[in-house]
Each structure stands twice: as C-alpha cells, then as structure tokens.
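Reading through the structure tokens given below for one structure.
Just so it is clear: chains get the letters A, B, ... in the order the sequence lines come, proteins before strands, and each one is counted from 1.
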There are 2 protein chains.
Amino acid sequence: MLLHIQFDSETPIYQQVKDQIIRGIALGELKLGEKLPSVRQLAADIGINLHTVNKVYNQLKSEGWVVIHRKSGVMINPHLNLNQSSEALEELDDLLKNITAESFLKGISKDEFITLVERNYDRYNMRESE
Amino acid sequence: MLLHIQFDSETPIYQQVKDQIIRGIALGELKLGEKLPSVRQLAADIGINLHTVNKVYNQLKSEGWVVIHRKSGVMINPHLNLNQSSEALEELDDLLKNITAESFLKGISKDEFITLVERNYDRYNMRESE
DNA sequence: ATACTTGTTATATATATCATATAACAGAGC
DNA sequence: GCTCTGTTATATGATATATATAACAAGTAT
C-alpha cells in the first residue's frame with residue numbers, strides 16, 4: 001500500500017498518514033491482520049521522522065484500529081468490529097452540520113452531496129466479491 | 001444569533017466561531033446583508049480576545065462570506081452567490097473520502113449516513129417558505 | 001471640529017502542536 | 001549474543017493559537 005504525503009498541506013503529516021491507513025482498511029487494500037511496516041521502515045519510506053510514525057501507530061492503537069506486539073510489530077486489528085456506537089453517529093452529525101452547511105452555500109445540491117457519499121461507500125462493500 | 005464555544009475543545013476557538021457563522025447563514029439565522037457585532041462587542045459577548053474575532057472576520061472576508069466597511073463594520077455578504085465551483089466539489093470529495101471510510105468501519109451504513117445528510121440539508125432549503 | 005466607533009496594525013507574551021534529531025532502553029525471536 | 005521491534009528520554013526549532021496593551025486610521029454623528 002502506497003502513502004502519498006503532501007508536505008505543504010495544512011493537514012499535519014501524522015494526520016495524513018493516519019487517514020490513509022484507515023481508508024486503506026475500508027478499501028480492502030489493508031486486510032485485517034495484515035502487518036504494517038516498522039516505525040523506522042515506514043518513516044524511511046515516506047521520508048519523515050520515526051516519532052511521527054510512532055505517533056500515528058499509537059493513536060491507531062488507542063482507537064482500536066491496530067494491535068501492537070512487542071516484537072512482531074504493528075498489524076491491522078484482526079478483530080475489528082463494526083459495532084455501531086451512538087457516539088459515532090453523534091460525532092458524524094456534528095461533522096456534517098458544518099460540512100453540509102458550507103457545501104450548501106457553495107452551491108452543492110443535496111443530490112450531488114449524496115452522490116459523492118454513495119460513490120465512496122460503494123468502494124467499501126466490494127470486499128465480499130473479491 | 002447565539003454562539004456556543006467549547007473552550008476545552010480540540011477545535012480552535014476561531015474555527016468554532018467561523019463554523020457557526022457559516023452555519024448560521026445556511027440556516028437562515030443570519031440574513032444576507034445582516035450586520036454582525038463589532039470585533040470588540042463579539043469578543044466581549046463570548047469572552048474571548050478581540051484579535052481572535054478579528055481573525056475570524058478576516059478569514060470570512062477572504063472567503064467571500066462577509067464584506068467589511070470602514071465604519072459600518074462587518075455584514076453578511078449581500079451578494080453571496082451559490083455558483084458551484086469544480087474546486088468545491090473536489091474539496092468536498094477529499095473530505096468525504098476520509099469521513100465515509102471511518103464511518104463505514106465504525107458500522108454506520110450508507111443509508112444512515114445519507115439520512116444524516118438529508119436531515120441537515122432539509123434545514124437549509126426552508127428559507128423560501130419563511 | 002470633536003468625539004466616538006469601526007476595523008487595523010504593531011508588539012509582546014504564553015502555551016500547545018507539529019516535526020525533527022540523537023540516543024538509549026526493553027522485550028521478543030532467531 | 002545479536003537483531004529487530006516498539007518505547008522512552010531529551011532537546012531543538014518552527015508554527016499555530018490565544019491573549020494583552022496600545023496605538024492608528026477612517027468613517028459617522030453630535
């Protein structure tokens with residue numbers, strides 16, 4: 001799996017890496033139980049610091065996306081459960097409050113917005129048919 | 001229009017103020033051409049610094065949401081055009097790439113996601129019927 | 001003309017975040 | 001024992017966020 005970092009972005013590097021790993025899981029590019037590169041390896045590959053990668057891995061661990069073993073390293077959590085929490089829905093709605101408002105004012109219709117959501121979601125459910 | 005600031009939030013104060021003003025426009029709570037409080041007044045109301053409000057107003061001006069006159073102060077841009085730019089769609093899609101992926105993995109279905117989008121959007125189109 | 005209010009600019013300070021660098025530590029496996 | 005793993009410690013620098021105080025400049029009204 002390839003990571004593309006924009007070093008001139010307002011979005012912090014660690015956030016970009018984190019986002020792309022989570023998206024990689026959803027897309028099926030990263031399988032459950034798949035091993036991730038070591039902190040030193042990934043840092044060297046991307047051209048960033050070891051600690052930045054370590055920060056990513058620790059946050060991913062705190063949020064349950066990966067598990068870390070002492071020697072074997074980091075792997076995607078093999079028991080990722082898609083159990084929906086009420087908090088997740090509330091957090092999403094808080095996000096959408098701002099995003100939909102700005103999108104609406106920028107002339108993006110409800111249907112256009114939903115089409116984008118569908119096109120993204122349809123990339124995730126493909127996993128059974130692979 | 002009331003602003004609610006969470007001082008313990010990870011989201012910067014200026015960002016919260018900015019988001020709520022933009023949302024206020026979409027909801028119709030702030031009318032086009034409506035005058036906003038002076039930087040000193042709003043700062044005092046919320047209990048923050050004058051410069052934080054000034055930062056908000058300047059960013060809103062740069063992005064076309066408000067116009068600023070030398071003495072009359074800041075008002076919602078009376079000529080806010082909802083002309084859709086291709087950039088706006090691309091930016092939205094970039095946002096949705098990450099948000100949908102994480103939502104999917106947290107067990108939020110496509111239909112649930114879309115329902116939230118619709119519920120938000122339906123609050124904006126009401127303006128003609130007021 | 002004077003006073004007041006407006007946004008604006010200049011300076012300074014404090015704190016937190018982001019990212020890097022170097023080094024050393026501790027556990028697990030060969 | 002050696003090597004690879006994440007981890008921790010310490011330091012440095014740049015940038016972002018927020019505050020504080022003060023002064024400036026342009027409109028508006030008295």
Side-chain angles (χ1 to χ4, degrees), chain A residues 1 3-22 25 30 33-79 98, chain B residues 1 3-22 30 33-78 98:
Chain A
M1 185 204 184
L3 296 183
H4 306 280
I5 303 301
Q6 285 184 294
F7 291 94
D8 60 340
S9 168
E10 297 173 11
T11 307
I13 296 174
Y14 85 93
Q15 188 67 53
Q16 295 184 47
V17 175
K18 201 177 155 186
D19 285 343
Q20 289 180 40
I21 290 178
I22 292 176
I25 303 175
L30 292 172
E34 181 170 341
K35 190 178 175 308
L36 293 180
S38 74
V39 288
R40 290 172 180 81
Q41 184 62 52
L42 185 53
D45 288 349
I46 306 180
I48 63 177
N49 190 274
L50 167 160
H51 292 103
T52 306
V53 177
N54 193 245
K55 181 178 185 174
V56 172
Y57 282 175
N58 268 294
Q59 290 196 7
L60 290 173
K61 174 188 169 193
S62 300
E63 297 166 18
W65 303 109
V66 303
V67 291
I68 304 182
H69 287 96
R70 191 63 203 184
K71 170 61 181 171
S72 56
V74 180
M75 66 163 63
I76 307 298
N77 188 345
H79 309 104
N98 295 323
Chain B
M1 184 203 184
L3 296 183
H4 305 280
I5 303 301
Q6 284 183 295
F7 291 94
D8 60 339
S9 169
E10 296 172 13
T11 307
I13 295 174
Y14 84 92
Q15 189 66 53
Q16 295 183 47
V17 175
K18 199 176 156 187
D19 286 343
Q20 289 180 39
I21 289 177
I22 292 176
L30 292 172
E34 181 170 341
K35 190 177 175 307
L36 294 179
S38 74
V39 289
R40 290 172 180 82
Q41 184 64 53
L42 184 52
D45 288 349
I46 307 181
I48 62 178
N49 192 274
L50 166 162
H51 292 102
T52 306
V53 176
N54 192 244
K55 182 177 185 176
V56 172
Y57 282 174
N58 268 295
Q59 290 195 6
L60 289 173
K61 174 189 170 192
S62 299
E63 297 165 18
W65 302 110
V66 302
V67 292
I68 302 181
H69 287 95
R70 191 62 204 186
K71 170 62 181 173
S72 56
V74 180
M75 65 163 64
I76 307 298
N77 188 345
N98 295 324

Taking atom [atom2] of [N] as reference, at what distance in whole Å does atom [atom1] of [X] sit?
X	N	atom1	atom2	value
A:Glu10	D:dA16	CD	P	9 Å
B:His69	D:dG27	NE2	C1'	11 Å
A:Leu36	D:dC4	CG	P	19 Å
A:Asn49	D:dT8	CG	C1'	14 Å
A:Met75	D:dG6	CE	P	12 Å
B:Lys35	D:dT28	NZ	P	12 Å
B:Leu50	D:dA23	CG	C1'	12 Å
A:Tyr14	C:dA16	OH	P	16 Å

Would you check if the side chain of [X] reaches a backbone N or O of [Y] as a donor-acceptor pair within less than 3.5 Å?
X	Y	value
B:Gln59	B:Lys18	no
A:Ser62	A:Asn58	yes
A:Asn77	A:Gly64	yes
B:Asn54	B:Leu50	no

Looking at the side chain of [X], which of [options] is the nearest nucleotide?
X	options	result
A:Thr52	C:dT20, D:dT7, C:dT8	C:dT20
A:Arg40	D:dA18, C:dT9, D:dT7	D:dT7
B:Lys71	D:dT8, D:dT28, C:dA19	D:dT28

When you match A:Asn54 and B:Arg70 each to their closest nucleotide on DNA chain D, which lands nearer the 5' end? A:Asn54
Position toward the 5' end of DNA chain C (nearest nucleotide), A:Ile13 or B:Ser38: B:Ser38
Given that A:Ser72 and A:His51 both sit by DNA chain C, which one's nearest nucleotide is further toward the 5' end?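 Result: A:His51.
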Please determine whether side chain to side chain contact (heavy atoms under 4.5 Å, CB included) holds for the pair B:Phe7 and B:Ile13, giving the CA-CA distance in whole Å, both sets of side-chain angles, and the decisive distance to 0.1 Å. CA-CA 7 Å; B:Phe7 291 94; B:Ile13 295 174; 3.8 Å; yes
Whether [X] contacts [N] is assessed here as follows: a side-chain N or O lying under 4.0 Å from the phosphate OP1 or OP2. Is that the case?
X	N	value
B:Asn58	C:dG7	no
B:Lys55	D:dT17	yes
B:Tyr57	C:dG7	no

